[in-house]
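Sequence positions, counted from 1, serve as the residue numbers for this chain. Every number for a ligand or one of its atoms is a count from 1 in the order of the listing.
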Amino acid sequence: MSQFSVDLEFAQYLADRAQVISLSRFNALDLNVTQKPDLTPVSDADLAVETELRAQIAAHNPDDSVIGEEFGHTSLGERTWIIDPIDGTKNYVRGVPVWATLIALREGGKITVGLVSAPALGRRWWAEIGLGAWVQELGSDSPRRLYVSSVQKIGDASFSFSDQQGWDQSDFEGLRAATWRQRAYGDFWSHVLLAEGAVDVSAEPELALYDYAALLPIVAEAGGEASQFDGTPLPIHDPDIEPSLICSNGSLHQECLKLLKVQT
Ligand code: IPD
Ligand code: CA
Ligand code: CA
């Protein structure tokens, strides 16, 4: 059975607060969408969710700091909540239900709690270091423990990504040609499907800390492996770096890294 620590309980509470806002604005006719300086869209829901989560953290854990996609970060302390209010904003603003609020807690040198809440898909995934990775259907009170797949051969592997933009084409082609099946489930979904054992390799060429922090404990606790394309661990202290991310079921990781090194 999944046991909730105080911090995971709080992360669940934050996700509940987030989904009240995000679900009520999903498909709203008056959703306000603007373009950020990096030319990506942001909606009033992204801003409202992050504002709400920051207010809840300030009220309940005033000594903790926050890194968030929409409002950045100030001084960072020993405990930091890392938030992406809506991962998959391009889906959200077009009415595609694949979007999620991502919540992670960094304590010292580790991400200790990760939670992905996708209310329009009716699912929530979470993990705490040492306590397993779990998924729960909304409305159910019995979470299911997650385990990565046992696929051993790259030729039998299902590979998921977001889109082909931003990839070094030889990296993408290496994974595409070697794997059995390729689907762009996209955003957080590729990686939680990896943790569920439904896909075997998930990758993105460039992500921000708030895009991947919540995913790391979920993948690790499901028995998977996550690294940058060169095999080094994902940085969790510098919010200004934008590393690559490859997750696998562990058995396939070294082979994937070799494929990513092959330059044409
Ligand atoms: C995006 C997702 C996507 C990644 C993009 C991000 P957003 O986040 O994480 O998987 O490929 O680079 O911008 O903007 O929808 O929160
Ligand atoms: Ca994101
Ligand atoms: Ca976002």
Is D187 close enough that one of its N/O/S atoms sits under 3.0 Å from the Ca ion (ligand 2)?
no
Relative to the heavy atoms of G88, which atoms of ligand 1 are at a distance of less than 4.0 Å?
7 (P), 15 (O), 16 (O)
Which word best sums up how the rings of W189 and Y185 line up, parallel for under 30°, tilted for 30 to 60°, or perpendicular for over 60°?
perpendicular
Ligand 1 to I86 polar contact by distance, N or O atoms, under 3.5 Å
yes
Ligand 1 atoms in contact with D84 (distance to a heavy atom under 4.0 Å):
16 (O)
Does K36 come within less than 4.0 Å of E69, counting only side-chain N to carboxylate O?
yes
Can you tell me if an N/O/S atom from E70 lies under 3.0 Å from the Ca ion (ligand 3)?
no
Would you say the Ca ion (ligand 3) has E69 as a near neighbour, meaning an N/O/S atom of that residue under 3.0 Å away?
yes
Is the distance from the Ca ion (ligand 3) to some N, O or S atom of I86 under 3.0 Å?
yes
Top protein contact for atom 14 (O) of ligand 1, by heavy-atom distance
E69 OE2, 3.8 Å
Smallest separation among heavy atoms of S162 and A184, with atom names:
O-CB, 3.4 Å
Identify which of T40, T89, D211, D46 has a heavy atom lying nearest to atom 6 (C) of ligand 1.
D211
Just say parallel, tilted or perpendicular for the rings of F10 and H60, cut-offs at 30° and 60°.
tilted
Between D87 (side chain) and F188 (backbone), is there a donor-acceptor pair under 3.5 Å?
yes
Heavy-atom donor-acceptor pair, S5 side chain to L8 backbone, under 3.5 Å
yes
Per residue D84, nearest N, O or S atom to the Ca ion (ligand 2) is named OD2
Close side-chain approach of I246 to L257, heavy-atom, < 4.5 Å
yes
If you measure every N/O of L207 against every N/O of ligand 1, is any gap under 3.5 Å?
no
Which residue and atom name correspond to the protein heavy atom nearest atom 10 (O) of ligand 1, and how close is it?
E204 OE2, 2.8 Å
is_close_aromatic(W81, Y210), centroid dist under 6.0 Å
no
Considering only the protein, which heavy-atom contact is closest to atom 12 (O) of ligand 1, and what is its distance?
E206 O, 3.9 Å
Test of geometry: compute the angle OD1(D87)-the Ca ion (ligand 2)-OD1(D211) and round it to 10°.
120°
Between W126 and F4, does the ring centre distance come in under 6.0 Å?
yes
Please find the pair of heavy atoms, one from A178 and one from L259, that lie closest to each other, and give the distance.
CB-CD1, 3.5 Å
Among protein heavy atoms, which lies nearest atom 8 (O) of ligand 1, and at what distance?
D87 OD1, 3.2 Å
N/O separation below 3.5 Å, K90 to ligand 1
no
Which protein heavy atom lies closest to atom 3 (C) of ligand 1, and at what distance to 0.1 Å?
D187 OD1, 3.0 Å
Between F26 and Y92, how do the two ring planes meet: parallel, tilted or perpendicular, split at 30° and 60°?
tilted
